[in-house]
Amino acid sequence: MRSTSRVLILFVILLAVVPPLPLRAPAMIKTPAQAATAQVQAPPAGLKTTAESTEYAATSTYAEVMSYIRALQKLSPLVRLETICTSTEGKAVPLIVIGKPLPQDPLALRSDKRVAVYIQANIHAGEVEGKEASLMLARDILLDPKLPYLDKIVLLIAPVFNADGNDKMSPDNRRGQNGPEKAGVRQNGQNLDLNRDAMKQESPEMRGLVRNVLLRWDPLLFIDCHTTDGSYHEEPVTYSWPLCPNGDSSIIKYIRDRMLPAVNATLEKKYNTLSIPYGDPQDFQDLSKGWQTFSHQPRFMTNYIGLRNRLAILDENYNYADFKTRVLGCYNFLKAILDYCQTRADELTRLAADADQRTVQRGLAPREVDTFGLDIEVQALPEKVTVRGYEVEVTPREGSPFPQVKRTDRKKTYVMPYFADFVPKRTVRLPYAYLIPVFDEEIPAKLRGHGLAVERLTEPATLEVEAFRVKEVKGADRLYQGHRMNQVKGEYAVEKREFPKGTLVVRMAQPLANLAAYLLEPESDDGLLVWNAFDKYIASQWGRGFQTYPVYKLYTPQNLAADGLD
Ligand SMILES: [Zn+2]
């Protein structure tokens, strides 16, 4: 039913249209699923998280997390504390390593059957239930005489990834969130959103994550814990998988079509917790259009991990559920994921190893059909999604394109298309190698920061390559994460060039080749060119116009005299 003054539509809202919310969200009606979730876990006596010891009124400060970790170490010899990085404001960002036994070093893991699983919480430091849930989980595993999971899994936990943001607690942060009383801020100590920094790597947290977690421990699975915004539904847990179609498709499909359906069946049956894929309505005025996920770009952590041929799961806990329900929902989700990894550790290891091998093989002699996708668009998956939502009331607001949206207590289940399948509309060929005749240290440092193998020519080489002649560069009007992101147009042209000694060479016969292409392809929507790393090279220093992008694509395999950088 619609009228000009008041429109009653069904259901949920897009974040973009949410008006400022009241200080506290209205008390939730406890659904059967949430009530059941809240009864699942009774904390054992002794060591308690801040959330537990305050009856879920508060969340842990950085100091409280650190003293909890020290208490865990007193509880068990199976706990080691490592440091991911020192934050901008000087905090050591902790990594908890739990193993039976603790591996002497990560290399020792290669010779046993265990896999490393990494749980990261608090990347957005107002979204805090992953911090509490992961600390509880560590304790409960260590206190259980059976030491569950540890025969197959080495557990890595970063409970407070954005440590600087965590301690800027205020009741004014995330005002629509249903508890705790105070939470931290989204940004890190540099005012950056860490979940947009995976490609440009400008924060100590992201650089430390790659160096001290991904390259050091090579976790097979990465779980990133967040809290939703905006949409109304009953399910306390929402989730996603790596979305970027330039990653290995077998990994994406495995997590999406096999692993997550099984994990979520366990979550419901064994842990009595409901879950749905992460999303918002495509159009809150016309709900038949469907449910839509976020974006495919690898600046988002879980998409980035997919580009590295590893598994990743995004956990987004439901903002309007009370804090205890959210913590326990997240706790149960983590356990359901570990249950899965425990029984299929070998299968997961093989999946990642096969993806690495396929990637290297492809790079040795790339074919016409080996392509990189551009102009990526989202389409609906074949399966519809079922969401236990609510009817909402929408009231137009004078002078604003955004109406006021209020949830009613009237429940309604919606079955609709789920827009979460990202497909390129255009492709370009993947090369044998990228050649970069650039001599400052910034570009190789960026590439090597991701763990890519980078070489330099030891003698000049004349090669037929494809160049990208830049015709137009537009920096965005709006500053974003400290950048005016570029939109670039140009033409491809085959040319023969002499590359001087010292030219950087990035070969595609390496496991991280999909990431290399995303960073270096001239038309990549999240590459180094977009993030301004090549600005000084593509702009003419005198006069008008633009220069050729200094990253050349070599298609034909060649013997190149080159040395690795150390
Ligand atoms: Zn978040």
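Counting starts at 1 for both ligands and their atoms, in listed order.
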**OP:** Among the N/O/S atoms of His226, select the one at the shortest distance from the Zn ion (ligand 1) and name it.
**Re:**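 Within His226, restricted to N, O or S, the Zn ion (ligand 1) is closest to atom ND1.
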Subject >> Of the N, O or S atoms in His124, the one nearest the Zn ion (ligand 1) >> reply: ND1
Original post:
Is the distance from the Zn ion (ligand 1) to the nearest N/O/S atom of Glu127 under 2.8 Å?
Top reply: yes
**OP:** Please work out whether the ring planes of His450 and Tyr304 are parallel, tilted or perpendicular, with thresholds of 30° and 60°.
**Re:**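 His450 and Tyr304: tilted rings.
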Original post:
In terms of the angle between their ring planes, are Tyr480 and Trp531 parallel, tilted or perpendicular, with boundaries placed at 30° and 60°?
Top reply: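 Taking Trp531 first and then Tyr480, their aromatic rings lie parallel (interplane angle under 30°).
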**OP:** First locate atom CZ of Arg211, then atom CD of Gln201, and finally report the distance between them rounded to the nearest 0.5 Å.
**Re:**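 One finds 9.5 Å between CZ of Arg211 and CD of Gln201.
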Original post:
Heavy-atom count around Lys168 NZ within 6.0 Å, excluding the residue itself: above 12?
Top reply: yes
